[in-house]
Structure formats: structure tokens, C-alpha cells
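Naming convention: chains lettered A, B, ... in sequence-line order (proteins, then strands); numbering from 1 in each chain.
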Number of protein chains: 4
Amino acid sequence: ENPLVWIAGPCVIESHDLTLRIAEFLKRTSEELNIPLIFKASFDKANRTSGKSFRGPGLESGLRTLATVKKELGLRVTTDIHEVDQVAAVAEVCDILQIPAFLARQTDLVLSAARTGRVVNVKKGQFMAPWDMKNVAAKMREENNPRLIFTERGSTFGYGNLVNDMRAIPWMQDIGFPVVFDATHSVQTPGSQGSSTGGDRRMVPYLAKAAVAAGCNAIFLETHPNPDKALSDGPNMISLDDLPKLIKTCLRIRDAVKPE
Amino acid sequence: ENPLVWIAGPCVIESHDLTLRIAEFLKRTSEELNIPLIFKASFDKANRTSGKSFRGPGLESGLRTLATVKKELGLRVTTDIHEVDQVAAVAEVCDILQIPAFLARQTDLVLSAARTGRVVNVKKGQFMAPWDMKNVAAKMREENNPRLIFTERGSTFGYGNLVNDMRAIPWMQDIGFPVVFDATHSVQTPGSQGSSTGGDRRMVPYLAKAAVAAGCNAIFLETHPNPDKALSDGPNMISLDDLPKLIKTCLRIRDAVKPE
Amino acid sequence: ENPLVWIAGPCVIESHDLTLRIAEFLKRTSEELNIPLIFKASFDKANRTSGKSFRGPGLESGLRTLATVKKELGLRVTTDIHEVDQVAAVAEVCDILQIPAFLARQTDLVLSAARTGRVVNVKKGQFMAPWDMKNVAAKMREENNPRLIFTERGSTFGYGNLVNDMRAIPWMQDIGFPVVFDATHSVQTPGSQGSSTGGDRRMVPYLAKAAVAAGCNAIFLETHPNPDKALSDGPNMISLDDLPKLIKTCLRIRDAVKPE
Amino acid sequence: ENPLVWIAGPCVIESHDLTLRIAEFLKRTSEELNIPLIFKASFDKANRTSGKSFRGPGLESGLRTLATVKKELGLRVTTDIHEVDQVAAVAEVCDILQIPAFLARQTDLVLSAARTGRVVNVKKGQFMAPWDMKNVAAKMREENNPRLIFTERGSTFGYGNLVNDMRAIPWMQDIGFPVVFDATHSVQTPGSQGSSTGGDRRMVPYLAKAAVAAGCNAIFLETHPNPDKALSDGPNMISLDDLPKLIKTCLRIRDAVKPE
């Protein structure tokens, strides 16, 4: 009871078929390891460093893919929303609405997500302190939606780097909501590759393990059959093949930190 | 020729009449000091720390006020946009469209602002390096709009504080566009007052003077007849009464750094 | 084999007797839990925020106490050095010479410590990147002393705060030396109490557990029978009573992350 | 009256003759521009990134050179001290004792410098907040030496970068002492060249001008006839040839910000 939850999937829906294949792998993995897993993929990468980067299939087509994952595989699904007029459509399909870190303080987006009654996962802005998230909680409360979760995905640390403060996990839990640790975007080095964002995939397991030890409620991970060929966030994603081993290690850590 | 430009006004349109009164003061000041001045006020504070804070009159009413300022006083006007569907209406009235720092990487917002042909003022995100702004420039270029300006408004510096790197001014100018220094939001201490953002008004003149010495092309300043009673950003705004003296000092510095 | 090492003790030698009592507790704990433990206490707090703070018994008297701990309890001992002329005397008693973070780049101090042939534990300066420590390694190499260990104790994060980048652990291990995680000084909020440094003791276990999960080789912890009455670093120390439970949890995590 | 003071010289005494030549140039410049100028050069670079870097002539020989500068040219001189046992000898020759930023919190060094009765210039540690310097002031007060000055030389900003918070100038002046702005070390990128520290000389004038506009009392600048061949801090120093123009611009800014 109170198990470690996993939110996983490719960064963006590259194609319907590839997305389904990844989801099948994750479904199988979740059953084999007996873990709750929510499937995540974006329909639109709305804040790519460069305007020329691949953005995804768009709202309508992307939701069709997510609906298929949900129906055919029985996985719960989540995706990120960027503007108020996307909220209703996304809420029809997705179990969790994810608000990107850059948009964590956009009041209308938070309120409209709250009004759907869905679980809302707000990523802490890279420019926010953990305790600032209590203001997001207040906005949710205005709409009587208590189904809020927070995600730690790094804080701005000089230029072109992020750092994860593991204290953010208990500090945000103090506000009264579960905390997800995003092990993928935390290793980004924003803008470091000129017109795209780099990262250091090798650090993903170190940070995921540390976050579980620090008591996070869930791990968010982007994954791909071949990260080096991924159309977005490749440098940060871990390969599907490496995922089960990391999950098993994290489950053992979770067990190790359980109150006696 | 090539004079220091001023972007000034209250943070938010608190009322039509108060906004007009401030604009009249600024118009008179700009004539007395012979400075180019663009009037700025927000119709909606879309990312207030708290959902309960005053947000402004909204798009339609706000634009009516800005149109009045423009028509009656002959001042150019600017305001900030938050979602794509506001862009067209704002572009009909405003000479400059301002993209907030948190939204500096929202591709659709930048592209739709670019398409209006108006000048677009993109504030550097608190989470971005100065050189990251070249990617914003590339997005503007996709829409063949070269009328881009950048604003420096501080970088995340630990929790609840911002720091201004004065090197950001020449570094962003290197990309090929003019740089505004926002002396108001640079002194914010985000979230420091619990459910609102604090600041240190006393630091505004120090930073404004330093930025002019470092060669910025324009100063952005929020001002109010009584900042302590202002409905947004009061702790950072300087009073109308103190403005002319600061402007005069900055003009002397501008003169002092002019290439011989 | 290759067990998690513990470096523990009070921040400063408050008195000979109290120090011995703490050492006895730690000796007993190390035997009960079967862990390698090195006893640490400072003879002089040479960089207190305020000049009026308690500094310790001084070199001679302090070394006598450490020698007693070593002889009577059979514990290995370590302490920190501040100036070159302390090095020889300390090396006669201590198994490990610790170089404080502020002094990590003082070449003469590092070289003179290296020349003793003792193990040298250099704390990464709060102003240094993990990879900068390779220059410390090169200085040790000049003196043909390969017995180097690094300590992560936080990076400057804005004013009055530190953050631990857990990636520093593998990054410093990449240089080729073991990495200690200092869970006590990492929770300091420098200067936050006006004329002394504050901290948040509650965060110690979260960070210690995260660091073990990230693969650190040792944990450094300051401890005291009554931290609220401690003469230095009280806000960061954990009480002796709470120590065994934390150690046990960390040992379970260590086990959980062991390569299969 | 109350003119802008200059502290200038090469980073390190590379040779007696070169140091004299630079001092002569500076003497002449100070007379031509009618500015108070204090000559600075280090006898030992005690915290070089690499142990193999050139360190200087050492204490005795270095002081002989500084004494010659003082006697033959009538310039006041300053240098930095690293350990307590250097203080007395340096105080015999130098008008100002400079405490390096890394050592700003070493109580014994500050107290022993204070006891000489000389002016003591303490550089704010890259890891300290401006207001932390009040504790240094308290240590000086213990020794009844009110002749304290502070130097701003940048704050740690992520890995391998520093940022100057221009607010540090008025904030440290609030403590009651004059503030020097170090335009040379502020542009360092610590460790960025592998085994030495890099920098961006082009930024020196921008920061110097900004600091004068923000009201600093003095500018510290390292200079060399051929910075690219300098044995320390070359990437940050400006060439002697470029110095007079920068000084003149700063004097005009100083004039521009003078209270009317």
C-alpha cells in the first residue's frame, strides 16, 4: 500500500505506432514488476528552444493516440497542456493534466485545469522555491479540486544548468500533496546545444534513486526504444531496455526507506 | 540621435481615470525632458502569485484605456500578452507587444506576435541565459519580422531572489537587437511575502543607472502616484514624483558613456 | 566489502569529557551496527561567522583529546586544518587531514597535507564545480600522495542558502577518488541568524539517504547529545539518539543500490 | 572631493622590472587624470587552480619590489595576504592589506590584519551575501580598527561562472564602509580552461562603468602591457593602453551620478 508510482512514456508522440509500441512495453513492465504506471506523451512541444524543432502531431491526433493507449492497454494516461482552450479536450481523455514548469504560475491555466475535476500535476517552475507551490494549491482550492500533485524538475543554477534540491521533496509534501520527481528534465542543460537543449542521460539513475531515497511519491521518466534517435529530449531519455533494472533498484530503495 | 528610450506606466490598469492621469504625467515629463517614452500598462496580471490578487480590467476594457492614452495624448503604447487568442486584438491598439518572461519560450505566442508585424519585446526568462535569446530571434525570423527587442529583468538566484547580470546587456545586443532594462521587476523577491511577491524599491535607481552605464537602449520602469497603495508590484514601483530626477541622472550617464 | 564509511562526531571539542562521551557512544554504535567509523571533532572553528563565537580548545589541547579518543577507544580520528603550520602536529595524531571547503584551493595547505602521507579529505568549495576537484587531485599527485578523498557539502545557491547537487557524487568519483557526503554542513543557511549560521536539522536524513542512494562512499555527520545546546552548528546537527536509526536506514539503502 | 579611487596593477609580480614599468605608467596616468591611485600586485598566487601555475616571487622579494614602487614613485601600495605569519611583514610596506575572497571568513587572518592598524580591504567571498560582511566589520571592531573597506568581486552563479549583483554596492555601503568594485576578477569563469581559470576581458569595461553608476567608491583593475602573455589572470586583465580611456569614461559617469 502506498506504492511508488511511475509516470513514463516518450517525450512526444512521434507516431501513433511507435507510441503504442512503447506503451505496450510499459504495460508489460508494470505488470511484471507490479507497479502502478501512468503513460505520458506530449501531443505538442510548445516551448522548444528552436521554432524549427519537431513539435508533435497536435491536439486532436495526439489525443486519439492517447485514447487508444488507454482503451487498448488499460493504462491511465497523462499529457501536458499549454493554453486554456486545450483543457476541456485533454480532460476528456487524460486522467492527469500536467502543467509545464514554465506555466506553473499562469493562473487561468491552473484554474481551468482545476475545474475539470481531473488530477492536476503542476511542475514547479525552475524559477520557483518549493514553498511557492502553496500558491498553486490555493488556486486549486478556489475551484474545490483537491486532486493536486507537484513535480520537482530542477531549479535554475546559473546559465545553462539545473540543479535538483532533494529538500524540495519533503518541503512540497509539507504543503499536503504528493511529489513526483522528474528524472528526465532534471538532467537538461537548457540551450546547451545551440538551438536545442542538451542533457546527460547518465545522471538519470543517480537522481531517480536519490529522489526515491528522499521519499518522493512517484518517478517521472521519459523513455524511448532508441533515445539517440528521439525527436525531442533524446539526450535526457533512457532506453526502454535500461528501464526495468532502474525500476527494480528504486523499488528496493523504496522498501529500504519505509518506516519500520 | 539614438537616444535612451523609456517604457513606463503603472503595473496594471487599476482604473481608466487613474491610468489616464499617470499617462498625462508621463507625457508631460517626456516633453519636458525631451525623451522618447512609450506608455505601458497591463490589462491582466495573468501570473499573479495568488489567484485572489487583483488582475486588472481584462482585455477589452483594458485596450479601450490604452487606445484612449494613444489617441488623446499621442503616446505610443505597449502591453503584455499571455495567450495566442489575445494577440490580434492587442496588435490593433499597441505599438509594441510584450511577451512576459515566463512565456519567452512559448513558440506559438512568439510566432503569432511576430506575424502581426508589430514590434515584439520579449523578456528574457529568469531561467534563460542571455545567449538563449538567439532562439527567440530565429523564431521571429521565421515570420520575417525583424522588429524584435529584448528585455533583461533578472535571473533566478537561489530561492526568492533575482540577480541582474549587467553582461546580459552587451551579450543580448550581440545577437543584433536593442536591449531594454526592466528596473522594476529586477528588484522583485518572488513569493517573499507569502502570497504575493515582494521587492526593494530602493534598489531601482541603482540598477537603472548601472544598466544605462552598461549601454542598455531603453529603461522599463513601473511607476504610480502612490506605490504603497498600488494593486500590483507596489514594493517595486517608484513614485511618479521621484521619476524625473532619476531620468535626468540616467540621461547624464548616457551622455557620459557616449563614444567620443 | 567496500562498506559505507561513517565520519562522525561533534562539530567542535567543547570539552575533553563531553568529547570522550560522544566518542564512546559512537564506538559502541559502530560495533553494534558493524560499520567503519572515523571520529571527527574540530580543535578550532577558524572561520566562524562572528569573531565572538566559541572557537574550541586550540591545537595542542584539542589534539590531546583526539589522541585520547584514538588510544582509549581504538577509533580512527580526523580533524580540519587551517594553516600550514598546523599540519605536522595534526598529522601525528590524525588518520585523515580534513581541508575545509573555503580553503580547498589554498595550494600550500593542500601540498603540505599531501606531504604528510596521511589520507587527505578535501571538501569541495561552495564556489567550485565538481570537476574543478581534478585540480586538487593534481596537486596531491605532485606530492605522490594518492590517498585523497573528496567531500560534497553544498554549492552556493543565491544568498544564504546551499544546494546539494547529487550529480556531484558520481562526477567527483569519476576523477578517481571516494566521495564523502557531508549531511551536516549541507543544510546550513550561511549567516541566516545574523551573527551565526543557521540550518535545518530536519533535512539531514533526507539528504543523507539521497546521497547513499546516489552512491557516495561515506557519510559525514555531526552529532551531539543535545544539539540545541551545542556551541557550534547546533541547528544542523542531529542528536546522538537519532543516529542509529538513520544509520540503519542508510545501510539498507546501500544494500538496495549494490550492483547485482 | 570624495573622488573615485583606483586600485590597479598587474595580477602578480612577474619580475621586478616589469612591475616597475607598469607602476610608472600608472603613476603617470594618475597624474595626468588627477586620480588617487593605489598600486596592487601579488607576491604569491596562493590559490591557483593548478599547483603548476606560476605563483610569483614570494614574500620577501615581492615586498622589496612593492617597497621600491612606493619609494621611487610615491604610490601607495597594496597586496594580498594568505596566512597569519605574513601579516606583519606586509604591513610594514603596504598601505592596504587585502584579504582574498576565499579567506574572507578566516577569523585569525582578519584579526591579525586589523591589529596592524593598516587599512584592511576584505573581498566579499563568492559564497557570501553582501550583508554577511557585517560580521567582518564586527571582527575589525574587536581590534578597534575602523579602517575597513569591502570589495565586490562576484557571487557564485552555478558552476564555472560568477555574477555581480550591483545591489551589493549600496548594501555593503549600508554597513558603513566604502566599497571597491573589482572589475577584473568579476569576469572570471573559474576553472573553465581545465587547469586554469578563464575570463572575458571584453566585459571589464561594462561592469566597471555599471559599478561606478551604482555608486562604488573605488575600482580595482588588473592591467598588463600584454595581457595575453600575462602569467596569471591574463584573460581578465585589460591592457595598459586601454586603461586611460576607461578611466575617463568612469570619471564622467561619476560626475553624472553626483548628487546635485
Exercise for the section: Please determine, among B/Q126, B/Q106, B/E83, B/R55, the option with the most heavy-atom pairs under 4.5 Å with chain A. Expected result: B/E83
Handout entry: Region of B/V110 in contact with chain A, defined by heavy-atom distances below 4.5 Å
Key = neither
Practice task
With the side chain counted from C-beta on, respond yes when A/L103 and B/N47 share a heavy-atom pair under 4.5 Å apart, and no when they do not.
Solution key: no
Fill in the blank from the handout: For residues 151-163 of chain B against chain A, heavy atoms under 4.5 Å, the residues are B/S155, B/T156, B/Y159
Practice task
Under 4.5 Å heavy-atom distance to chain B, tell me which part of A/E142 shows up: side chain, backbone, both or neither.
Solution key: side chain
Problem - Those residues of residues 129-141 of chain B, ordered by number, that approach chain A below 4.5 Å (heavy atom to heavy atom) - result: B/A129, B/P130, B/W131, B/D132, B/K134, B/N135, B/K139
Problem - Pick from A/H82, A/M128, A/R48 with the largest number of heavy-atom pairs that fall under 4.5 Å of chain B - result: A/R48
